[in-house]
Protein chains: 2
Amino acid sequence: MDKEISQAVVSRLPRYFRYLGELKASGVERISSQELSDIMKVTASQIRQDFNNFGGFGQQGYGYNVEYLYDEISKILGIDKKHQLIIIGTGNLGTALAGYTNFSTRGFVFKGAFDHDPSLYGKMIGDVEIRPVDEIEDFIKKNNIDIAVLTIPKDQAIPMADRLIKAGIKAIWNFAHVDLDVPDNVQVENVHLSDSLMKLSYNINRYERAHKSK
Amino acid sequence: MDKEISQAVVSRLPRYFRYLGELKASGVERISSQELSDIMKVTASQIRQDFNNFGGFGQQGYGYNVEYLYDEISKILGIDKKHQLIIIGTGNLGTALAGYTNFSTRGFVFKGAFDHDPSLYGKMIGDVEIRPVDEIEDFIKKNNIDIAVLTIPKDQAIPMADRLIKAGIKAIWNFAHVDLDVPDNVQVENVHLSDSLMKLSYNINRYERAHKSK
């Protein structure tokens, strides 16, 4: 467990976790890598290779115990523990994220919301009150916040990230359309929506080009 | 241009495009792969390798022409042409996506919004009226819609994707927390927010584990 796992493998873990959760919910107790391969549409050898990074989890010819595998991946993902989140920026996106019950069932507990706009102070987002940005540092310390969600414009995101890092945040979930420069002890996960949309556009274009040339 | 480019390379193109756009906006005319490497924090050899997939774009020792490179990547991404979008599901997330002016400046034009909830029909989201889901097929044909954005619950997403495919949609930008099964001529880009948050949790956990064991 101590060797460095590639981020490509890490990126696939939540998907395994999602499928295993569904199998567990529908009462499946054991599954072979071939069966998992069929429903997830990745090769069985990819699955075995990915799992080997974490010691394997199962026996050849015997298959995986679904519940055990689900629990192990949940521990690897660190979602067997609770995380405390704050959201900075309470526009439509921040409000959407605050409302995802899916996150809270995974142990991501939404504790606070902050905005620059005084007319919003005291209003509710989910079951949490919107507070002034000035209170962020105190709030992080008092409430043991480990993750900050940034849904603010990109020109505000870099100075805000610096503030959060000084205040001891462990991780930033960044929706601002800019790359953040953080020290090694702070984790960042970017959701660059424009980039995702451009990738979709690339794939439309590529398909049409290939199709025309036939 | 006709060989298959890996999706890993494709994933990096929007980021190049974003940095080149900023360089262009600040008046930079030429840039070497080393300078680009410094600001983007990827290796110069990675940059050259990525660009070689598309014929190179520049000359050794002479650097890249920023505007030319920006334009070429924009063509490769297919964002030199306009795309027509509809959003299905007009909750907070759909509303947030409808409001991103950033998308429209990239040529992604938001043309229609659809919901199951009759109390929303006729209300506005951005500058577009919310319509009943029943009108989707007609609307796609009449307005030459190529991209559908799904911000609906996962149990509704699979039947909706089937409907959209039958109606001739070219691409689905999927925010529902489920994988869609589509034919080759339909492109899908998933934004699985829970998966992204779990990846962040993994990286917090990994850092703490490595730190404790020292």
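Chain identifiers are assigned alphabetically (A, B, ...) following the order of the sequence lines, protein sequences preceding nucleic acid strands; residue numbering begins at 1 within each chain.
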If one checks every heavy atom of B/Arg106 against chain A at 4.5 Å, the contacting part turns out to be side chain
Contact part of A/Leu77 toward chain B, heavy-atom cut-off under 4.5 Å: side chain, backbone, both or neither? both
For A/Tyr19 against A/Met40, the heavy-atom pair lying closest together: CG-CG, 3.6 Å
Most chain B-contacting option - heavy-atom pairs closer than 4.5 Å, from A/Ile204, A/Leu197, A/Ile172, A/Ile79: A/Leu197
Dump the intermediate steps for ring-ring contact (aromatic ring centres under 6.0 Å, His included) on A/Phe139 and A/Phe114, then the final yes or no. CA-CA 10 Å; A/Phe139 194 91; A/Phe114 297 87; 5.3 Å; yes
Taking B/Asn203 for its side chain and A/Val10 for its backbone only, find out whether a donor-acceptor pair lies under 3.5 Å. no
Against chain B, label A/Asn92 side chain, backbone, both or neither, depending on which of its atoms sit under 4.5 Å from a heavy atom there. both
Which of the residues A/Ser201, A/Gly107, A/Ala98 is involved in the greatest number of heavy-atom pairs with chain B at under 4.5 angstrom? A/Ser201
Tell me, for A/Tyr16 versus chain B, whether the close heavy atoms (under 4.5 Å) come from the side chain, the backbone, both or neither. neither
I'd like to check A/Ser33 versus A/Phe51 (side-chain heavy atoms, cut-off strictly below 4.5 Å). Are they in contact? no
Sort A/Leu193 into side chain, backbone, both or neither according to what part of it lies under 4.5 angstrom from a heavy atom of chain B. both
Considering only heavy atoms, give the residues of residues 142-161 of chain B separated from chain A by less than 4.5 Å, sorted numerically, with 'none' for an empty result. B/Ile147, B/Lys154
Taking all heavy atoms of A/Ala167 and all of A/Glu137, pick out the closest pair and write down the distance. CB-CG, 3.8 Å
Nearest non-hydrogen partners of A/Val128 and A/Lys111, listed with the distance: CG2-O, 3.6 Å
Side chains of A/Leu93 and B/Leu93: does their closest heavy-atom pair fall under 4.5 Å? yes
Main-chain N/O of A/Asp50 paired to A/Asn53 side chain as donor or acceptor, under 3.5 Å: yes
Just wondering, are more than 12 heavy atoms of other shown residues or ligands nearer than 6.0 Å to NZ in B/Lys81? yes
SB check A/Arg18 B/Asp195 (cutoff 4.0 Å): yes
Measure distances from B/Leu13 to the heavy atoms of chain A and classify the residue's part below 4.5 Å as side chain, backbone, both or neither. side chain
Those residues of residues 179-192 of chain B, ordered by number, that approach chain A below 4.5 Å (heavy atom to heavy atom): B/Asp179, B/Asp181, B/Asp184, B/Asn185, B/Gln187, B/Val188, B/Glu189, B/Val191, B/His192
Shorter than 4.5 Å, heavy atoms on both sides: which option in A/His177, A/His83, A/Lys170 has the most such pairs with chain B? A/His177
Heavy-atom pair with the smallest gap, counting every atom of B/Phe110 and B/Ile125: CE2-O, 3.4 Å
How close do B/Ala113 and B/Thr90 get, heavy atom to heavy atom, and via which atoms? CB-CG2, 3.9 Å
Taking the six-membered ring for Trp, are B/Trp173 and B/Phe103 closer than 6.0 Å centroid to centroid? yes
A/Glu22 versus chain B, heavy atoms under 4.5 Å apart: side chain, backbone, both or neither? side chain
Looking at B/Asn174 and B/Val178, would you say the former's side chain and the latter's main chain have a donor-acceptor pair under 3.5 Å? yes
